[in-house]
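See structure below.
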There are 2 protein chains.
Amino acid sequence: MTEDVRRSPERAKRLPRAVREKQILDAAVSVFSRHGYHSASMDEVSEVAGVSKPMIYSYLGAKEDLFLHCIRREADRMLEAVRAGIKPDVPPDMQLWHGLRAFYGFVADHRESWLVLHRQALTVGGPFASEVDVLRTTAIELVSGLVVSAGSRKGLAEQAEFSGEGLAAALVGAAESLADWWLDHSDVSDAVLASWLMNLIWLGFNDLVEGEVWRPTEP
Amino acid sequence: MTEDVRRSPERAKRLPRAVREKQILDAAVSVFSRHGYHSASMDEVSEVAGVSKPMIYSYLGAKEDLFLHCIRREADRMLEAVRAGIKPDVPPDMQLWHGLRAFYGFVADHRESWLVLHRQALTVGGPFASEVDVLRTTAIELVSGLVVSAGSRKGLAEQAEFSGEGLAAALVGAAESLADWWLDHSDVSDAVLASWLMNLIWLGFNDLVEGEVWRPTEP
DNA sequence: CGCTGTATCTACCGGTGAGTAACCTTACGC
DNA sequence: GCGTAAGGTTACTCACCGGTAGATACAGCG
């Protein structure tokens, strides 16, 4: 028996604070995405992060603070991705198309981020909901600007059947829910998903059942 | 001093089991809708129900069972309301219109039911999510049937840009999200909400910005 | 090779809340 | 009336988890 006196399981190597913080945040996003805010335990986060609990409290504060950090980081990442995808100098429908593709691309690549932002943060009231609200409002404004500019260019005034913000909210909601639906139907590609939505919201059922199709114009 | 020996604060009057069960379920829906599954405490449910905790366990089982009962009852109520609103012998767009109005009418009258079904049940994994999935799937099938029948009547085959189920999912999602948005913008009437959505999904942005408007035909 | 500060850990506390055992109380049938 | 079972309660246990105090190891400098 080589009594190799391995004292503790193992002690984490000393690392600069910035690196540890990133590791902890990554672990937290993963754990929160799986269990939700309340069911997630700080013990599990610390275990996944490969670091002991007091480190988390020392670096990122209490559970609530930790969750807030997660939301903010992921929301920033996502907005950044969508903004980067939009090309400002193309027609409104193509802007929407690129935005949608960027969005679904992000969800595909960052499933956990999306779960935290959409499924978890919304339900826990308090400081979290308002944080997500900022994200959604930003998205709605982005879309709303598109719609209103497209509409007013045609001289369309606001009327009962047309509220820029309302429609934008519905659109953003449709995109979100389709992303949710996607989680359980992953055999569809992100491009196809974006295409469905584009056809629905741009053409509408009425045109669709007549056999019309919307397709992206050349880049 | 009139020593009126009021023994305990008060003891609940004896009531038949069915009545108590309804009271408890009502209380549970209310509490769950406010705090979510995890933050809700059985103590609060019992307090709101005006009954002591062991009664809940005796009648409706553990916390998980109680929540399941809530979801099932509210889901049934909602489906029932929507089904009752749909008139089978009118054109597809009018069926959709009536369905949407019934849906938003239900949300308006049963805010708490909606909160439990949409915001709470989804986030807590396990048995709950699947229960809500049944509801959503039923809704999607309802809409999908409408769309596909409308499409196939025109001889429209399934193709990349047109998936009955996908579109129905997007539509249901849009309706859900708009209902959510509504919670924070209650100054809009349910009819206006349904009208927005109807215009969006039936006509599409393309037609909307051209100034077209969809309006319900006479009953 | 010690000294020191900071990174990291072990080991605990205390609150909260699910679930239960044992007891009381009233309506109702006979 | 009175027995009894269903309705109802009090008062507890126990596990889990957020948060922390205080000990420990390690890098870098004199």
Side-chain angles (χ1 to χ4, degrees), chain A residues 4-28 31-32 34-70 120 124-128, chain B residues 5-28 30-32 34-70 120 124-128:
Chain A
D4 195 347
V5 189
R6 200 170 290 288
R7 28 171 186 262
S8 308
E10 65 205 271
R11 197 184 179 87
K13 243 189 113 182
R14 285 168 79 100
L15 285 177
R17 173 163 182 155
V19 177
R20 276 274 179 261
E21 280 187 357
K22 185 183 174 313
Q23 287 179 351
I24 293 173
L25 275 182
D26 289 342
V31 172
F32 282 133
R34 261 178 291 143
H35 306 309
Y37 178 71
H38 291 292
S39 300
S41 76
M42 296 297 273
D43 284 296
E44 184 173 352
V45 173
S46 81
E47 191 186 341
V48 172
V51 137
S52 71
K53 225 174 10 158
M55 297 292 310
I56 305 179
Y57 286 89
S58 155
Y59 281 173
L60 293 162
K63 192 180 188 184
E64 196 173 302
D65 304 314
L66 178 63
F67 194 52
L68 269 178
H69 273 105
C70 290
Q120 308 307 341
V124 204
F128 311 130
Chain B
V5 187
R6 197 171 290 290
R7 26 169 190 268
S8 307
E10 64 206 275
R11 197 183 179 88
K13 245 189 110 179
R14 285 170 80 104
L15 285 176
R17 173 164 182 154
V19 177
R20 277 274 180 261
E21 280 187 355
K22 186 185 172 310
Q23 288 179 350
I24 294 173
L25 275 181
D26 289 343
S30 172
V31 172
F32 282 134
R34 263 177 291 143
H35 306 309
Y37 178 71
H38 292 293
S39 300
S41 77
M42 296 296 273
D43 283 295
E44 184 173 352
V45 173
S46 82
E47 192 186 341
V48 171
V51 132
S52 70
K53 220 168 23 153
M55 296 293 310
I56 304 179
Y57 286 89
S58 155
Y59 281 173
L60 293 162
K63 192 180 186 183
E64 197 173 304
D65 303 313
L66 178 63
F67 194 52
L68 268 178
H69 273 104
C70 289
Q120 308 308 341
V124 204
F128 310 130

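Naming: A, B, ... by sequence-line order, numbering from 1 per chain.
- Counting only heavy atoms from C-beta on, A/P54 has its side chain closest to D/dA21 among D/dA21, D/dG18, D/dG8.
- Aromatic ring orientation, B/Y37 versus B/F67: tilted (interplanar angle from 30° to 60°).
- Side-chain atoms of A/K63 stay outside donor-acceptor range of the base of D/dG19, with no qualifying N/O pair under 3.5 Å.
- Using a distance-only test at 3.5 Å, with no hydrogens or angles considered, no donor-acceptor pair links the side chain of A/S39 to the main chain of A/G36.
- Note: B/L68 CG to B/L60 CG = 11.5 Å, rounded to the nearest 0.5 Å.
- Distance B/H38 NE2 to D/dG18 P: 12 Å, rounded to the nearest Å.
- Between the CG atom of B/D43 and the C1' atom of C/dA18 there is a distance of 9 Å, rounded to whole Å.
- Heavy atoms of B/S52 sit under 4.0 angstrom from at least one base atom.
- The residue A/R20 sits close only to the backbone: its heavy atoms come under 4.0 Å of sugar-phosphate atoms, none of a base.
- Between A/Y37 atom OH and D/dG18 atom P there is a gap of 9 Å when expressed in whole angstrom units.
- No donor-acceptor contact under 3.5 Å links the side chain of A/R14 to the base of C/dT8.
- Looking at the side chain of A/M42, the nearest of the listed nucleotides D/dG18, D/dG7, C/dG17 is D/dG18.
- Across all strands shown, B/P16 has no heavy atoms under 4.0 Å from either base or sugar-phosphate atoms.
- Ranking C/dT20, D/dA21, D/dG18 by closeness to the A/Y57 side chain, first place goes to D/dG18.
- Taking atom NZ of A/K53 as the reference point, atom P of D/dT20 lies 10 Å away to the nearest angstrom.
- Nucleic acid contact class of A/M55 (heavy atoms, under 4.0 Å, all strands): base.
- Here D/dG18 presents its P atom at 15 Å from CG of A/L60, a figure rounded to the nearest Å.
- If you take CG of B/L15 and C1' of C/dT26, they are 12 Å apart, rounded to a whole angstrom.
- Atom pair B/I56:CD1 and D/dG8:C1' shows a separation of 13 Å (rounding to whole Å applied).
- As rounded to whole Å, 17 Å separates atom P of D/dA5 from atom CZ of B/R17.
- Proximity note for B/Y59 (side chain, C-beta onward) versus C/dT10, D/dG8, D/dG18: the nearest is D/dG8.
- A/K13 comes within contact range of the sugar-phosphate backbone alone, with a heavy-atom separation under 4.0 Å but no base atom that close.
- Expressed to the nearest 0.5 Å, how far NE2 of A/H38 lies from NZ of A/K63 amounts to 7.5 Å.
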Let me see the working for A/H35 and A/E44 under side-chain hydrogen bond (donor to acceptor under 3.5 Å, both in side chains), right down to the final yes or no. CA-CA 10 Å; A/H35 306 309; A/E44 184 173 352; 3.1 Å; yes
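- Both A/G50 and B/A62 lie near DNA chain C, and the one whose nearest nucleotide falls closer to the 5' end is A/G50.
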